[in-house]
Chemist: 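My questions will all concern the structure given below.
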Amino acid sequence: MSYLNELNEVQRQAVTHIDGPALIIAGPGSGKTRVLTYRIAHLIDSGIAPWSVLTLTFTNKAAKEMKERIANVAGKNAGKIWAGTFHSVFARILRVEASKIGYPSDFTIYDSKDTKSAITELVKAHGLDPKLYNASAVYNRISLAKNSLISPKAYFEDVNRLLEDKQNKMPYIYKIYELYVGKCKRSAAMDFDDLLYQMYQLLENNPDVLSKYREKFKYILVDEFQDTNLLQYSIIKKLVSYDGSSNNICVVGDDAQSIYAFRGATIQNILNFEKDFPGIEVFKLEQNYRSTNYIIQAANDIIAKNSKQIKKTIFTDKKEGELIRVINAITDTEEARQVVNMIVEQKNRYHISNDDIAILYRTNAQSRVFEEALKSKRIPYKIYGGTSFYDRKEVKDVLGYLRAVVNPKDEEALKRILNYPTRGIGPTSISKLLKIATEEKLSLWTICENVHHASLPKRTENAIKQFVQMIKLFQKRIANSTAYELAKYIVKMTEIILDLKKPRTIEAQNRVENVTELLDGIKSFVEDDEVDEFSTNIEDKSLQSYLQNVVLLTDLDKDLEEETRVKLMSVHSSKGLEFKSVFIVGVEENLFPSMMALKSKDINAAVDEERRLFYVAVTRAEQFLTLSYSTSRYRFGNMTYNTSSRFLEEISSKYLDLSTQNKTAKVSQTYNKKNTMDKLSTMSKPYVKAKMMANFKASPISMASVGCEILHQRFGNGKIISIDGDGSNKVATIFFEDEVGEKRIMLKFAKIQVLE
DNA sequence: ATTGCCGCAATTTTT
DNA sequence: TTGCGGCAAT
C-alpha cells in the first residue's frame with residue numbers, strides 16, 4: 001500500500017475509509033481524482049470485487065482518466081470496475097433491461113437536434129406557432145420536468161408549471177410533452193434525459209431489477225456531485241438507500257464549482273446528502289497543489305462574494321508566483337491580437353509549449369477572432385466544443401442511414417434520409433405519412449412499409465417502396481459485415497458522395513472530406529482494440545454500439561492530449577482540466593457574467609452561478625493567468641459596447657498586474673457625461689467612442705433637428721446638417737467626426753441619441 | 001417536386 | 001455575421 005504515502009492526512013483518511021457513506025468536499029486542484037482513484041484501488045486491495053464497484057462521472061474523459069489511473073495503481077483488475085458517465089452506464093443497463101420498459105434493446109438515442117426537430121414537428125402538427133413555441137424553450141421545459149421526475153400526467157396536474165407556461169405564452173406545453181413522449185416510444189428512441197428518467201422508472205417499477213442492481217453495485221462513487229440533478233440523485237438513492245443496506249456511497253464534489261444549475265443541477269443534493277445518510281463522514285480537501293499563491297488568493301477573493309457556500313479555506317504552500325495580468329483592448333480583434341502576442345512572449349520567455357496554454361471563453365462564438373489571430377502567427381491550435389463534427393449535416397445524413405438500418409422506427413433518422421439524396425418524396429408526401437403515423441399511433445416506418453394504404457400518387461408510392469427495399473437490403477447485411485463495411489456500402493449505394501460533389505465549391509469538397517473522415521472514424525472504431533469502458537463485457541464492435549458512442553461522446557472526449565496545440569474552449573468544457581498558462585478572455589459585463597444571467601428573474605442566483613464559473617476558470621491555471629476584456633465587440637453583426645466585468649473588480653489589486661493595461665481604461669462603473677467629457681478628450685479616440693457608446697440611449701425622432709449634436713450607434717459623434725423628407729420618412733444628412741464623413745440616414749431606422 | 005432567393009432570428013453554458 | 005425556414009418560380 002505504498003500509494004498511501006503519497007497522500008496528505010485528510011486525503012489518506014478519505015481513501016482508507018471504506019464502509020458507510022462519505023462526502024468528500026474537494027476544492028480545485030486538491031487532488032480529488034487522486035483520492036477517488038486511490039480509494040477505488042484501496043477497495044480492491046481490501047478484497048472487494050472490482051465488478052461490484054460503480055463509478056459515475058459526468059464526462060467520458062473523466063471516466064477514462066479514472067480507469068487509466070486506477071490501472072496504474074491496481075493493475076489488471078481495474079478493467080473490471082464499472083466506470084462511466086451517468087448517461088453511458090444507464091444506457092448500457094437500459095439495453096439489457098429494455099424489454100421491462102417496453103423498448104427494444106436496440107433503441108436509438110436522440111441528440112438534442114433530433115429532439116428539437118421532433119418537438120418542432122409536434123408544434124406545427126398542432127397548429128401552434130413555432131415562433132412562440134420555440135423548440136429550445138419547449139425542450140427546456142420538458143427536460144426540466146423529466147429531471148424533476150414529473151411525468152406528462154403529473155405535469156398536467158401541476159398548477160405551478162401550467163401557470164408558468166401560461167405566463168410564458170406557451171400554455172400547451174403539457175400537451176406537447178405528452179405527445180413527445182408517445183412519439184419517442186413509437187420511434188424506439190430515448191433522448192438524453194430519458195436515459196436517466198427511464199432508468200429511474202425501470203428501478204421504480206421492477207423490484208426484481210432493482211434488487212439485482214442493489215446486489216451488484218456494493219460500492220458506488222460519484223464524481224462532480226455538485227452537478228447532479230434531482231433525477232440523478234434519486235437513482236443513486238434508489239440503488240444505495242434501503243433497509244439493510246450498508247450505504248457504501250462516496251460522493252465527491254465542490255459546491256463552489258457548481259456550474260450546471262441551468263440544467264437542473266442543485267447543490268441542494270450535497271446538503272440533502274448529509275441528511276439522507278446519517279452517520280456520514282465528511283472530508284474536506286483544502287490544500288491546493290495546482291496553482292501559485294496569487295492565483296489561489298484571487299480565486300478566494302472571488303468566491304468570497306457568494307453568500308451561500310459550504311465553509312472551507314483553500315490554501316497552498318506554493319510561492320506567490322506571477323501576478324495576474326490584465327489586458328484591455330478596444331475591439332475584439334485587438335483583444336485577440338494582444339492575447340496572442342502575450343502567448344508568443346510567454347513561449348519565448350518561459351519556454352511554455354503550446355499544449356500548456358488554454359484560451360477560455362464564456363461563449364463558443366468568441367473563438368473565431370482568436371482562431372484568426374493564432375493563424376496569423378502560425379501557432380497551431382485546437383478548438384473543443386462548439387459545432388461538433390457530428391453536428392454537420394452531411395455527417396448526420398450518413399449517420400441517419402446507419403441509425404435507420406439499426407432501428408427503422410427511428411423517426412428522426414428516417415425523416416432525414418427519406419428524401420435524401422432526393423428521390424421524389426417531397427415534404428407534402430412526408431407530412432402526409434407523418435400524419436397517418438400519428439393518427440394510427442404507428443411508426444413512420446410501418447406506414448412506409450404499408451405505403452399502398454396511404455393513397456399517395458403512384459410515383460411517390462413507388463419511390464417509397466424502393467426506399468423501403470433499400471433499407472431492408474442494408475439490414476440483411478448487418479449480420480455478416482462490420483460497421484465499417486456496411487457504412488461504406490451504404491454511402492456507395494445511396495450515391496451520397498455524388499450528390500455532395502454536385503456544387504463545385506470548396507464547401508462541397510469539405511463535405512465530401514467530412515464523409516470520408518466519418519468512414520475512417522468508423523473503421524478505427526471497428527479495428528481499434530483499445531479497451532472500452534465496459535471491458536467487463538465482450539468488446540462490442542456492432543454498429544449499434546458505434547452509434548451509441550457517437551451520440552454520447554463530445555469533442556472534449558476525443559483526444560485532448562494528442563498534439564502540441566493551444567487549446568480553445570468554453571469555461572464549462574474546461575472543468576476538471578489544468579494548464580500552465582490560462583487566458584480568460586471577454587471578461588466583460590454582459591458577457592461574463594452573461595447578459596442572460598443579468599436579465600434573469602433571480603439575478604443574484606444567476607450571478608452567483610456565473611461567479612462560480614469564473615472561479616472555475618481562474619482555478620484552471622497553474623502558473624500564469626491572464627484576463628482580458630474589450631470595450632467593444634461584434635455581436636450578431638453589429639457593434640456592442642461593454643465595460644469590464646464586475647468579477648475583475650472583485651479581485652484585490654494586490655494580485656493584479658495592470659501594467660499592460662491602457663491607463664485610460666481604468667473603467668469606472670458609473671459614467672457621468674458632464675465631467676467625463678474633458679477627461680475623455682485626453683484619451684485615445686476609439687476608447688472615447690467605446691466609453692460613450694456604453695452609455696448610448698436612443699432618442700425619439702422628434703428630438704432631431706438641424707444643428708443638433710448627435711451620437712450614432714455605429715458612426716459615433718456627428719452633427720445634423722439638414723433634414724428632408726416628411727412624416728415618418730425623414731432623412732437627415734449628418735456629418736460625422738470620425739473618418740465616416742457625411743452620411744444620409746433615415747431617422748426611422750437609425751439609432752440616434754440627441755446630445756443637447 | 002425542386003431550386004433558389006429573401007428575410008429574420010440568434011448566442012449562454014452540455015450529456 | 002451566419003444559418004435556417006418560408007415562399008415563389010420553374
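Just so it is clear, the structure is predicted and the values come from calculations on it, not from any experiment. Here is the naming used below: chain letters follow the sequence lines, and residue numbers restart at 1 for every chain.
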Chemist: As an exercise, state the distance from CZ of A:R95 to CD1 of A:I109, rounded to the nearest 0.5 Å.
Modeler: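 Going from the CZ atom of A:R95 to the CD1 atom of A:I109 covers 5.0 Å.
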
Chemist: Give the rounded distance in Å between these two atoms: OH of A:Y361 and C1' of B:dT11.
Modeler: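 In whole Å, B:dT11 C1' lies 13 Å from A:Y361 OH.
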
Chemist: Is any side-chain N or O of A:T422 closer than 4.0 Å to OP1 or OP2 of B:dA1?
Modeler: no

Chemist: At less than 4.0 Å, is any side-chain N or O atom of A:S594 found next to OP1 or OP2 of B:dT11? Yes or no.
Modeler: no

Chemist: Using whole Å, what does the distance between atom P of nucleotide C:dG3 and atom NZ of A:K116 come to?
Modeler: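 Going from NZ in A:K116 over to P in C:dG3 covers 16 Å.
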
Chemist: Choose from C:dG6, B:dT14, B:dT11 the nucleotide whose nearest atom is closest to any side-chain atom of A:A365.
Modeler: B:dT11

Chemist: Hey, what do you get for OH (A:Y420) to CG (A:D499), rounding to the nearest 0.5 Å?
Modeler: 4.0 Å

Chemist: Can you tell me how far CG of A:L547 sits from CG of A:N407, rounded to the nearest 0.5 angstrom?
Modeler: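 Output value for this atom pair is 10.0 Å.
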
Chemist: Using whole Å, what does the distance between atom P of nucleotide C:dC4 and atom CG of A:N134 come to?
Modeler: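 That distance rounds to 15 Å.
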
Chemist: Which distance, rounded to the nearest 0.5 Å, do you find between the NE2 of A:H87 and the OG1 of A:T57?
Modeler: 10.0 Å

Chemist: With a 4.0 Å limit, can you tell me whether A:S112 has a side-chain N or O closer than that to the phosphate oxygens OP1/OP2 of B:dT15?
Modeler: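 Answer is no, no contact under 4.0 Å.
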
Chemist: A:Y139 has an atom OH; how far is it from atom C1' of B:dT12, in whole Å?
Modeler: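 So the OH-C1' distance, A:Y139 to B:dT12, works out to 16 Å.
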
Chemist: Roughly how far apart, to the nearest Å, are C:dG5 and B:dT12 at atom C1'?
Modeler: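 It works out to 23 Å between them.
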
Chemist: Would you mind classifying the nucleic acid contact of A:F86 as base, sugar-phosphate or nothing, using non-hydrogen atoms under 4.0 angstrom?
Modeler: nothing

Chemist: Using a cut-off of strictly less than 4.0 Å, decide whether A:N364 has a side-chain nitrogen or oxygen near OP1 or OP2 of B:dT14.
Modeler: yes

Chemist: Is A:R403 close to A:R416 at the side-chain level, that is, under 4.5 Å between some pair of heavy atoms?
Modeler: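 They are not in side-chain contact.
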
Chemist: Quickly work out the A:R423 CZ to B:dT2 C1' distance and round it to whole Å.
Modeler: 15 Å

Chemist: Please state how far atom CG in A:L591 lies from atom C1' in B:dT12, giving the value in whole angstrom units.
Modeler: 9 Å

Chemist: Please determine, for B:dT11, whether a Watson-Crick or G-U wobble partner exists with both distances under 3.5 Å, and give it or none.
Modeler: none

Chemist: Over all strands shown, is A:N419 touching base, sugar-phosphate only, or nothing at heavy-atom distances under 4.0 angstrom?
Modeler: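 If one applies the 4.0 Å heavy-atom cut-off, A:N419 turns out to touch the sugar-phosphate alone, with no base involved.
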
Chemist: Determine the interatomic distance between C1' on C:dC4 and the same-named atom on B:dT13; round to the nearest Å.
Modeler: 22 Å

Chemist: For B:dT14, does either OP1 or OP2 sit under 4.0 Å from a side-chain N or O belonging to A:S573?
Modeler: yes

Chemist: Figure out the CD1/C1' separation between A:I235 and B:dT15, and round it to whole Å.
Modeler: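 Distance check: A:I235 CD1 to B:dT15 C1' gives 13 Å.
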
Chemist: With centres under 5.5 Å and planes under 30° as the test, does A:F262 stack with B:dT13?
Modeler: yes

Chemist: Measure CD/A:E121 against C1'/C:dG6 and give the value in whole Å, please.
Modeler: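 Value for this atom pair: 17 Å.
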
Chemist: Under 3.5 Å, is there any donor-acceptor pair linking the side chain of A:R263 to the base of B:dT13?
Modeler: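 Donor-acceptor pair under 3.5 Å: no.
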
